[in-house]
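This report concerns only the one structure given below.
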2 protein chains.
Amino acid sequence: MDISPITIPDVVVRRLPIYARSLAYLAEEGIESVSSQELGERIGVTAAQIRKDLSYFGEFGKQGIGYNVEYLLGHIRRILGLTDSWPVALVGAGQLGQAIARYEGFSTRGINIVGVFDNDPDKVGMDLGRLIVQSYAEMAKLIDNQHIRLAIVAVPASQAQQVVDQLVEHGVRGILNYAPIVVQVPDGVWVRHIDPVALLHSMTYYLAREEARSHVDQQ
Amino acid sequence: MDISPITIPDVVVRRLPIYARSLAYLAEEGIESVSSQELGERIGVTAAQIRKDLSYFGEFGKQGIGYNVEYLLGHIRRILGLTDSWPVALVGAGQLGQAIARYEGFSTRGINIVGVFDNDPDKVGMDLGRLIVQSYAEMAKLIDNQHIRLAIVAVPASQAQQVVDQLVEHGVRGILNYAPIVVQVPDGVWVRHIDPVALLHSMTYYLAREEARSHVDQQ
DNA sequence: ATGTGTGAATTACTTCACAGCG
DNA sequence: CGCTGTGAAGTAATTCACACAT
């Protein structure tokens, strides 16, 4: 029934934003052309990987030259659906939620936080500069009315699942989850997790082994 | 020269902290035993994957029963080097750095932020509750004296590389980088990146396609 | 010359499926 | 029985290497 034959591997989709990010810096620097080799060195992937990844979507380079930075960046942005900015609901107005709400780096990259929500009555009404914390009731209305598809969850782990359930119920289809818990969502809903502690733990593994090794070496 | 034959795939190492996190919740709930099936359902991986991952490190389960939660958790913590807490330097005392400094979830999981540093004279001296912002000169001293191996970088992209260079120079071997740039490090130094915008962009890809599809369907 | 785009080869990762143990 | 641990089988992802375009 569906015509599109090949689905793009998720690993590739996850790399595209990194390519876009690096290309944006190159554009800022006024660099007009870049080879897969050069781009790869900047972001720590092989040239072949970049070429292969891009080949899923078309032919954007010129043999013997490389890629036109603006041209490729425009294409990747279009592929990622970043031609318009995306309205995003932010749930949780604690330390982390406040920092996210105040972070300037979202709007410059097509992410527009349109509401901050918390169920703590003490937080509702709080002024976060550009935004004022609202209740969950307002959240439901906003998502419905403005057709919000993306949300950031920055609530404690104990509340994350029920918040996600509510978001999904109202039509959110992509969730960036800062709570240290794997949330369950139905098919068709995307979740990405951010757990800084888990990332640190995946490094302590190597550091602990290195530490042990160097002690042995000293014997 | 080295005896250890098989090196563990990094994907496996990255999953261990997720297993540990989930096991810690199970322990809190008072659950004593868990099967790979049950654990897998909680965290969204297959039972076979969990068993295979664990098999790299030993045999921790009992046939017909499953895994003792405390026992397995203890083993994973030991594997990850989490028997003692890790001292960590935090660089950058902006909105994000402040939120990280105040976050309670580090200390409960073996990560102890022992210093916050910023090169902005206006920020140095700032009271962040448990910690006071110090200068980069103090940072170098602390890393040297306390033998700090882990750092969190929460400075603007433009400063990230030079901060990382300094950290590495003083002996830091694991870096959690919040700056939206891929930093270059020598061999033997580990870096993990957190870029919420890139994660959101990897979801807009799917949402944009879904959106387009539903419009076609309506014709 | 230089650097893309891509099938083929390789390597890495996941899942299967079942022997064996409690 | 139920569920682990694990070789074998099956997928997926990456890298190679080269024809071809500029």
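None of these values were measured; they are calculated from a predicted model. Throughout, a chain's letter reflects where its sequence line sits, starting with A, and its residues are numbered from 1.
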Short side-chain N/O contact from [X] to OP1 or OP2 of [N], under 4.0 Å:
X: B:S35; N: D:dC3; answer: no
X: B:Y67; N: D:dG2; answer: no
X: A:R15; N: D:dT14; answer: yes
X: B:S36; N: D:dT4; answer: yes

- Item | Along DNA chain C (nearest heavy atom to each residue), the more 5'-positioned of B:V45 and B:I65 | B:V45
Could you tell me how far apart [X] ([atom1]) and [N] ([atom2]) are, to the nearest whole angstrom?
X: A:D53; N: C:dT6; atom1: CG; atom2: P; answer: 13 Å
X: A:R51; N: C:dT2; atom1: CZ; atom2: C1'; answer: 11 Å
X: B:I50; N: C:dC13; atom1: CD1; atom2: C1'; answer: 16 Å
X: B:Q49; N: D:dA12; atom1: CD; atom2: C1'; answer: 13 Å
X: B:Q37; N: D:dC3; atom1: CD; atom2: P; answer: 9 Å
X: B:E41; N: D:dC3; atom1: CD; atom2: P; answer: 11 Å
X: B:L39; N: D:dC3; atom1: CG; atom2: P; answer: 14 Å
X: A:I8; N: D:dA13; atom1: CD1; atom2: C1'; answer: 15 Å

- Item | B:A93 backbone acceptor or donor facing B:D118 side chain under 3.5 Å | yes
- Task: Return yes if some donor-acceptor pair links the side-chain N/O of A:H201 with the main-chain N/O of B:R109 below 3.5 Å, else return no.
- Result: yes
- When you look at CD of A:E29, are more than 12 heavy atoms from neighbouring residues, nucleotides or ligands closer to it than 6.0 Å? yes
- A:R15 CZ: over 12 foreign heavy atoms closer than 6.0 Å: yes
Tell me which nucleotide among [options] gets nearest to the side chain of [X].
X: B:V11; options: C:dC21, D:dT6, C:dC13; value: C:dC13
X: B:Q63; options: D:dC16, D:dT22, C:dC21; value: C:dC21
X: B:E59; options: C:dC21, D:dT6, C:dG22; value: D:dT6

- Message: Any non-hydrogen side-chain atom of B:N177 less than 4.5 Å from a side-chain atom of B:R192?
- Response: no
- Task: Could you pick out which residue, A:K52 or A:K62, lies toward the 5' side of DNA chain D when each is mapped onto its nearest nucleotide?
- Result: A:K52
